[in-house]
Amino acid sequence: MAFRLTPHERGFYPLFTRAAENIVAAAEELTKLVAAEPSGRPVLAARVKDLEHTGDDLTHEIMVKLNSVFVTPFDREDIYRLASSLDDVLDAIEEAADRIVLYRLDALPAGISVQADVLLRAARATASAMPGLEKLDSLREYWVHVNSLEDEGDEAYRELLRDLLAPTNDASPLDVLTVLKIKEIVETLEEAADAFETVANTVESIAVKEA
Amino acid sequence: MAFRLTPHERGFYPLFTRAAENIVAAAEELTKLVAAEPSGRPVLAARVKDLEHTGDDLTHEIMVKLNSVFVTPFDREDIYRLASSLDDVLDAIEEAADRIVLYRLDALPAGISVQADVLLRAARATASAMPGLEKLDSLREYWVHVNSLEDEGDEAYRELLRDLLAPTNDASPLDVLTVLKIKEIVETLEEAADAFETVANTVESIAVKEA
Amino acid sequence: MAFRLTPHERGFYPLFTRAAENIVAAAEELTKLVAAEPSGRPVLAARVKDLEHTGDDLTHEIMVKLNSVFVTPFDREDIYRLASSLDDVLDAIEEAADRIVLYRLDALPAGISVQADVLLRAARATASAMPGLEKLDSLREYWVHVNSLEDEGDEAYRELLRDLLAPTNDASPLDVLTVLKIKEIVETLEEAADAFETVANTVESIAVKEA
């Protein structure tokens, strides 16, 4: 059953584009943070925190709009899910940046840079795709792209877990508190990657219905 | 688009008030438990478990009612989400109480009392707000209040994590299994605080639609 | 308010039966894996991985069908939730199987076999119940059964956590990295059990509406 949103309802899509662009900015700061010396990290984490506040405002704006306009219910849940999963991405990025500083971590494993890079590429793909929600094109390609990035992130995540918990004999073992700190950070970054996949699945779902 | 629930449908709201009051009772027992000597904890954890069973019955009653009456679908998901997130709060409170006893923990860090106190205040705010769902007043104030409690809980949570994983030199270090046990409990209490925020966001969402 | 799905819409139910039967196959391999010698595990984990891919295809087929046919919205969310929670079960089973191999674990605690057995029985109960979605019978019994299995799984889970984190004096203590590895696996298996409970709750919800 095909239908079209009215122009009023299309007002959601610019907000989603802004939310996704805001995530790109946060992922850029995260990428710098995981490459930075420990002394340079707090200022970058503070920027990520600011961007998270901006994201919260955008999520709230979308939710208020969602609750005050008429949209057929079956889209309503898609819009809710899309806004929530974009919010989840940014929360996880902010939490990871915060914990790296809070735990006074020294060197980070190289795999964390791979995770951050995957998130940055997923953020850029998402921001590029959002205007397509209105025009309903190029979305299939975006969905395939994010799913392939998710596989790449998952591989980095598995290798990080293996190196943390089952290190080979030639690796110098980390003390257990350091293992716990890093494990929490890589899990949080994996949550961000999973939330990008939920974003992509929801976009696909909207696109199929409107096609 | 404004609309009103019929009297029949308003029957949900007393159930939500009872569910929230039941959570207040559980949060009161939790507050006592985290202040008690280890020997006094099992009886308090058993009371929390009983209250969780009462909560399960209330959730089930709401879900059966939801499935057997006509409500416009876009409210249906709100009601589902509200019942589920109240259930999540109580599950997390019960799990935290259970684990403190199961792990035979001795002294608990002071921050856990802060977390429990935040949960009790959020529970009371929620129970006070629930009758407002019918009259649609005072809900904005409640939403702001719970969000500010969530910030307070989050700060206690971050400090607990930092003290557990990155203790300063003058703190006597805990053994790693104790770190793992306490970390699990503070994470579970943080989940309860997050679920209260979901409750508040859903209440706000219902209020906006009905306004 | 009772209503009936049209024959076209009933096309979902055979897909759910296939998804549940696929989970039975995965749970059978998991049961073998947790009983196997370490050297025999990788081939079994590879089979679970293959079954997870099959499950992903089935989930995608259900979602595409859901997005392209007309169903009243209030069922739509139930169908979405049912497909998602079946997907969650299989993801968790695959993740647990993968981690056992990835972490090169040696002997596993006996409680993990109990968890795997509970999952297999829940999978079989679910696969037997799915055709009942169409005929709307025997579903109450299934719901009670899965909830009782969930209690059984929860008890095994609690005992595993207690033995890992608060071992009695006569148990030979595990090294902390082994505790972390096993804790992650038992938590993942508990997630699978929880997801089966969500499946059962959603099935009950659909049954009540259609009754």
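- Separating the CG atom in Asp91(B) from the CG atom in Asp194(C) is a distance of 9.0 Å, to the nearest 0.5 Å.
- Residues Arg76(B) and Glu77(C) are not paired through a salt bridge, judged by the lack of any N-O separation under 4.0 Å between the basic side chain and the carboxylate.
- Taking 4.5 Å as the limit, every side-chain heavy atom of Arg99(B) sits out of range of all side-chain heavy atoms of Leu165(C).
- With rounding to the nearest 0.5 Å, the separation of NE2 in His60(B) from CD in Glu204(C) is 4.0 Å.
- Crowding of Glu155(B) atom CD: a count of heavy atoms from other residues, nucleotides or ligands under 6.0 Å exceeding 12.
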Derivation and outcome, side chain to side chain contact (heavy atoms under 4.5 Å, CB included), residues Leu180(C) and Leu180(B): CA-CA 9 Å; Leu180(C) 287 176; Leu180(B) 287 176; 3.7 Å; yes

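- To the nearest 0.5 Å, atom CG of residue Leu161(C) and atom NZ of residue Lys181(B) are 11.5 Å apart.
- Interface check for chain C: of the options Val176(B), Leu66(B), Val64(B), Leu177(B), the most heavy-atom pairs under 4.5 Å are formed by Leu177(B).
- Pairing each heavy atom of Leu102(B) with each of Ala166(C), the nearest pair is O-CB, 4.3 Å.
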